[in-house]
Every structure is written in C-alpha cells, then in structure tokens.
Amino acid sequence: MALISPALPGGTHVADRNLRGIFLMTVAMGVFVLNDTFTKTVSDTLPTGQIIALRGAIATLIMLPIVMSTCGIAAVARSYSRPILIRNVSEIVAVILFLSALFRLPLANVTAILQTLPLAMTAAAAIFLGERVGWRRWTAACVGLAGILLIIRPGTDAFSWWYVSALISVIFITARDLATRMISAETPTVAVTFLTAAVVTGAGCLLGTTEVWVWPDIDALLRLGAAAVLVLLGYALLIETWRGVEVSAVAPFRYAVVLWAMLFGYLFLGEVPSGWTIMGSAIVVGAGLYTFHRERQRKTAAHSPAT
C-alpha cells in the first residue's frame, strides 16, 4: 500500500520510534472516530443496512486496485480459511450491533464502551487460550465493568437497551481479534482487509432487504465516501504505528479515542458528555491502562534471567 512507508533505520533511537508511534496512534484514533462521526450524521436519512452497504462498497472499490497491484484477486480467493471465516462473521455482527447503537446513543458513550476491549481480550485469553491471568488483571476487568455501569446507568431514565447492543458488539470484536491471531502470517494484510470490506458490504445488502432504502443525496454519499476513506486510512496508520516500536509504550495511547469522541461529538453532533460519562470513561481508561502495565510487567518478568 502506498501509505505504508519502509521500516525506520536500525540506527534510529527507540525513544524516537516510540514518539512517532504514539503520534500515529493518536492520529489513527482520531481518524476512526471521525469515520464514526461522518457515518452517524447520515443515520437520520438512511437506514442502517444501506449505510453499511454503501460505505462497504466504496471501501471495496478503493481496495480493489490495491489488491490487484499487490497480491492479485486469485491470492485473495486462495487465502480464505476458517480463521478468516470466523473473523468475517464476527466483523459483520459487530458492525451491525455497533452502528445500531451508535445511531441511537451519544458518540462518546459508545466509544467509551468499546474501550473495554482490552479487558475483554484479557478474559478471552484466559478462557479460550489458556493464558495465565492474575488476580490484579481480573480486578482491573471488574473495575472497568463498574465504569461501564456508570456510563449506561441501568435502572435510570438515562438507560437504553441499545447499550446492550454496544456491549455485545465488544464480544464479537473480541472474537474477531482472536480469529485474526490465528490467520496465517503468509496471508497478505490487503487480502484480509479486502475480504472484510466485501463481506460487510454483502451483509449490509442482506440487512437492507428488511428495510426501505432511499435514494441518497450527494451530501450523504460524500459523507459515506469520506467515512470509507477514513476507515482505510485508519488501518494504514495503525500498520505504520507498530513499526519498530515498543508495544507497551504505544498501546496505552489508543485511549485517546475517548477524548476524540468527546471532542467530535461536541463539535459535529452537539453532544455534551455528562459527568457520569466522563467519570465512567476515566475508570474504564484507568482499568485498561493498568492492564497494559501489568502485561508489561508480566512480559518483563518472563524474559528476565533467573536469579
């Protein structure tokens, strides 16, 4: 892909590479939130299935020449496997559930709920992959859940059942990411991205059979086109983010997405986050950061020479 630059020279100091990675991670999170913002702005005029189909079709068309110039369509067909099938099914369900919640709830709230993903990955790794997870990380996961409860506030007038849709989407995003880990390293990234865009487009068309589609105006098409470009740009930035950096130094900055969501929600959607949302988001982010910290300590201990 043209957006992916060569790896940094070996002489570049690791601190400089980390700073570059932190910057790119922060920008990537803003790009993803801006994509969600553009998508949300057309939800008042277009049904969910049509939005998914149109955005996916534009992304697929953008990816097509990239695929043909790199690995070729035949390689895409050959790369299909059980992990990719699981990944694509999980992606379809996650997209439908997430967008259904996004279109009905404040952007910052839904974005904050998605930040339970590292905590969900911790639990999934312990349950399905047999990874050892200590009581501190389990405690962090429980604290993160408490933060989510502050955001959704079940039993109050602020509660909506669409929050449940957002929470379930996290389960399927976790399944998607676990399946991604099982994909062969020889499978081209562009092939996986192209397949994902194509199947999500098909799912949007299938969902659209239960809806009444409307003819989109130019403004809606431009917004969806911008959203599709932003999604692909976000993926490219994430690939660049991880080049030659220390994961433990860069990964925590993914939580910049919460600040971006609050900013864009206010600027473009007129959404002002409540005190409960800010407090709950801070707890979720804090729990996630502690999880990263414990993971770093665990890996450091594992690679330390025995004394």
Side-chain angles (χ1 to χ4, degrees), residues 21-41 94-95 97-123 137 140-153 158-160 162-171 173-174 177 227 230-231 233-235 237-238 241-242 247-295:
I22 288 169
F23 172 76
L24 291 176
M25 171 65 82
T26 304
V27 173
M29 293 302 100
V31 166
F32 280 124
V33 174
L34 193 56
N35 149 67
D36 290 337
T37 304
F38 278 127
T39 305
K40 184 177 174 68
T41 58
V95 166
L97 291 174
F98 170 73
L99 289 183
S100 297
L102 177 66
F103 295 161
R104 297 166 176 86
L105 299 171
L107 174 64
N109 292 28
V110 178
T111 302
I113 288 174
L114 287 192
Q115 301 324 298
T116 58
L117 184 59
L119 307 175
M121 286 292 291
T122 296
R137 285 198 287 167
C142 293
V143 170
L145 179 59
I148 291 301
L149 292 177
L150 285 180
I151 296 172
I152 67 179
R153 285 177 285 162
F159 176 74
S160 167
W162 288 109
Y163 281 118
V164 178
S165 177
L167 284 169
I168 296 175
S169 75
V170 174
I171 296 175
I173 292 172
T174 303
D177 290 349
L230 287 168
V231 166
L233 176 60
Y235 285 138
L237 286 171
L238 280 182
T241 294
W242 299 118
V247 173
S248 59
V250 175
F253 286 85
R254 73 186 303 276
Y255 289 109
V257 71
V258 176
L259 298 178
W260 283 118
M262 291 182 182
L263 176 63
F264 290 155
Y266 175 74
L267 292 178
F268 297 108
L269 305 172
E271 298 173 351
V272 180
S274 67
W276 291 106
T277 296
I278 295 174
M279 186 185 307
S281 299
I283 291 174
V284 171
V285 170
L289 290 175
Y290 181 77
T291 299
F292 280 123
H293 170 68
R294 288 300 303 173
E295 179 68 12

Side chain to side chain contact (heavy atoms under 4.5 Å, CB included) between Leu99 and Ser169, worked out: CA-CA 9 Å; Leu99 289 183; Ser169 75; over 6 Å; no
Stepwise side chain to side chain contact (heavy atoms under 4.5 Å, CB included) test for Val258 and Met262: CA-CA 6 Å; Val258 176; Met262 291 182 182; 3.9 Å; yes
Worked check of side chain to side chain contact (heavy atoms under 4.5 Å, CB included) between Glu271 and Asn109: CA-CA 10 Å; Glu271 298 173 351; Asn109 292 28; over 6 Å; no
Test log, rule side chain to side chain contact (heavy atoms under 4.5 Å, CB included), inputs Leu150 and Val284: CA-CA 10 Å; Leu150 285 180; Val284 171; over 6 Å; no
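Atoms CD1 and CD1, from Ile113 and Ile168 in turn, are 11.5 Å apart once rounded to the nearest 0.5 Å. Between the OG1 atom in Thr37 and the CG atom in Leu269 there is a gap of 5.5 Å [rounded to 0.5 Å]. Between Tyr255 atom OH and Met25 atom CE the span is 10.5 Å, to the nearest 0.5 Å. To the nearest 0.5 Å, atoms CG (Leu102) and CG (Leu97) are separated by 12.5 Å. Atom CZ of Phe253 and atom OG1 of Thr241 lie 12.0 Å apart (nearest 0.5 Å). Between atom CG of residue Asn35 and atom CG of residue Leu233 there is a gap of 10.5 Å, rounded to the nearest 0.5 Å.
Ser274 contributes a side-chain N or O that, together with a main-chain N or O of Thr277, makes up a donor-acceptor pair within less than 3.5 Å. Of the possible polar contacts, one joining the Trp260 side chain to the Thr26 backbone as a donor-acceptor pair under 3.5 Å is found. For the pair Lys40 (side chain) and Leu105 (backbone), a donor-acceptor distance under 3.5 Å is present.
Residues Ser165 and Arg104 form no side-chain contact, since every pair of their non-hydrogen atoms from C-beta on lies 4.5 Å or further apart. For the pair Trp162 and Val110, the minimum side-chain heavy-atom distance is 4.5 Å or more.
Shown are Val170, Ile283, Thr116; of these, the side chain to side chain contact (heavy atoms under 4.5 Å, CB included) with Ile148 is made only by Thr116.
Between Phe32 and Tyr235, the ring planes are perpendicular. Angles over 60° get that label, and only those under 30° would be called parallel.
For Phe159, the CZ atom sits in a packed shell: over 12 heavy atoms of surrounding residues, nucleotides or ligands are nearer than 6.0 Å. Under a cut-off of 6.0 angstrom, the local environment of OH in Tyr266 is sparse, with at most 12 non-hydrogen atoms contributed by other residues, nucleotides or ligands.
Listed here is the closest heavy atom pair of Ile151 and Ala112: CD1-CB, 3.6 Å.
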